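So the structure is just underneath, and the comments pick up after that.
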Number of protein chains: 2
Amino acid sequence: MDNKDFYTVRGYQIHKKNEKMLTPSMEDYMEMIYRVCRKNGYIRINVLAERLNVQAPSVSRVVEKLKARKLISYEKYGVVQLTDKGKQVGAFLLKRHKAVEAFLKFLGLQETLMDTEMIEHNISVETLKKLILFNRFIQSHPEVLTQYHEFLNKNQDRL
Amino acid sequence: MDNKDFYTVRGYQIHKKNEKMLTPSMEDYMEMIYRVCRKNGYIRINVLAERLNVQAPSVSRVVEKLKARKLISYEKYGVVQLTDKGKQVGAFLLKRHKAVEAFLKFLGLQETLMDTEMIEHNISVETLKKLILFNRFIQSHPEVLTQYHEFLNKNQDRL
DNA sequence: TACATATATTACCCATAGGTAACTTATTTG
DNA sequence: CAAATAAGTTACCTATGGGTAATATATGTA
């Protein structure tokens, strides 16, 4: 085992800094902005705060950061709208969310949101690709789904 | 969609605070302490720093926290040893690590360490149980493994 | 149109998690 | 045994990410 490869969470995050423009927290805000803007075209600070269960000052600060990264357009006291770049990033985040969620549903989780939201920030692009492929595999091999669920039923309490 | 369920990463972490004694960072330190103590019975601050690629002051502080939680025994300038409770926690963390890693290997990832280390802190106990069961399912159904890898080979570049 | 209310921003705070520099203690070496 | 070296601790720093309180701005209402 190559000891040099181990880091703390923060160490790994720093390692990936070059490929990641956004922190997990910013991703959460971006994903929610995308979800709402797809429908309404814009979102306000108080609505974003409500949706993510944070206070308005927290949103205000993050919105400034996302603006600095050219993912949204925003003026003080105004509404938040996505730039083209922001739409791409948001679409990616939602796609990733759905891939993780689909997998957790396959696994047999009743409640998937919290785990999805926690896991999604922590998978590499490589892992995401494989997860998407795996989801497709399960869709095109429903007998595997059946076998796994039968296995689950037989082994639920053997842990 | 029930909007009240969305939080930021920090929000979810606060939600799980009652069931989680350790932060992701502390888990990293505990897992490494466990890995080394299984072999040597003890570890020193400088070795732990080296293994996790952090500086000694960072280790010194975390070690005090883990001692406060009765997971290790430690006196200043001395060696770190696991308590019985610490051994249980360490064993759990390593088991969890291996379950996540086995799954990522199944998925087809060449390099699994970074993703494993990032994902492991973010899955619930429920998800871990299902992952362990899934790993067992794959072990007892090698034909599923084969089918999936054939699927991978055919679809690798269709993403 | 003035006042009330809602929304948003700013200043300051705390917690976590890393760093460096300076210092203390333990160990090694000549 | 004294000096050198290594290991470890402490003080102070930065960054991120949330909060509250106070303040500013926008909107609604009578």
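Side chains are part of it too, since the values below use all heavy atoms of this structure and drop only hydrogens, waters and symmetry mates. Keep in mind it's a predicted model, so treat the numbers as computed, not measured. Sequence lines set the chain letters: A, B, ... in the order given, protein chains first and strands last, and positions in each chain run from 1.
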**Request:** Dump the intermediate steps for side chain to side chain contact (heavy atoms under 4.5 Å, CB included) on A:Ile119 and A:Phe103, then the final yes or no.
**Result:** CA-CA 11 Å; A:Ile119 290 168; A:Phe103 170 68; over 6 Å; no
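For A:Thr8 and A:Val63, each mapped to the nucleotide of DNA chain C holding its nearest heavy atom, the one lying further toward the 5' end belongs to A:Val63.
A straight line from CE of B:Met30 to P of C:dA17 spans 15 Å, rounded to a whole angstrom. Residue B:Leu48 contributes atom CG, which lies 10 Å from atom P of D:dG8 at whole-angstrom precision. Going from atom CD of B:Glu50 over to atom P of D:dA6 covers 14 Å, rounded to whole Å.
Among the nucleotides C:dT16, D:dT9, D:dA11, the one closest to any side-chain atom of B:Thr23 is C:dT16.
Counting non-hydrogen atoms under 4.0 angstrom, A:Arg44 reaches the backbone sugars and phosphates but no base.
Residue B:Ser58 places none of its side-chain N or O atoms closer than 4.0 Å to OP1 or OP2 of C:dG18. Checking the phosphate oxygens (OP1, OP2) of D:dA26, no side-chain nitrogen or oxygen of A:Lys76 falls inside 4.0 Å. The phosphate of C:dA6 has neither OP1 nor OP2 within less than 4.0 Å of any side-chain N or O from A:Asn46. Using a 4.0 Å cut-off, some side-chain N or O of A:Tyr29 falls inside it from OP1 or OP2 of D:dG18. Close to C:dG18, at under 4.0 Å from its OP1 or OP2, lies no side-chain N or O of A:Tyr12. Taking 4.0 angstrom as the limit, B:Gln55 places none of its side-chain polar atoms (N or O) nearer than this to OP1 or OP2 of C:dG18.
Counting only distance, with no hydrogens or angles, the side chain of B:His149 and the backbone of B:Phe106 share a donor-acceptor pair below 3.5 Å.
With hydrogens and angles ignored, no donor-acceptor pair under 3.5 angstrom links the side chain of A:Arg61 to the base of D:dG17.
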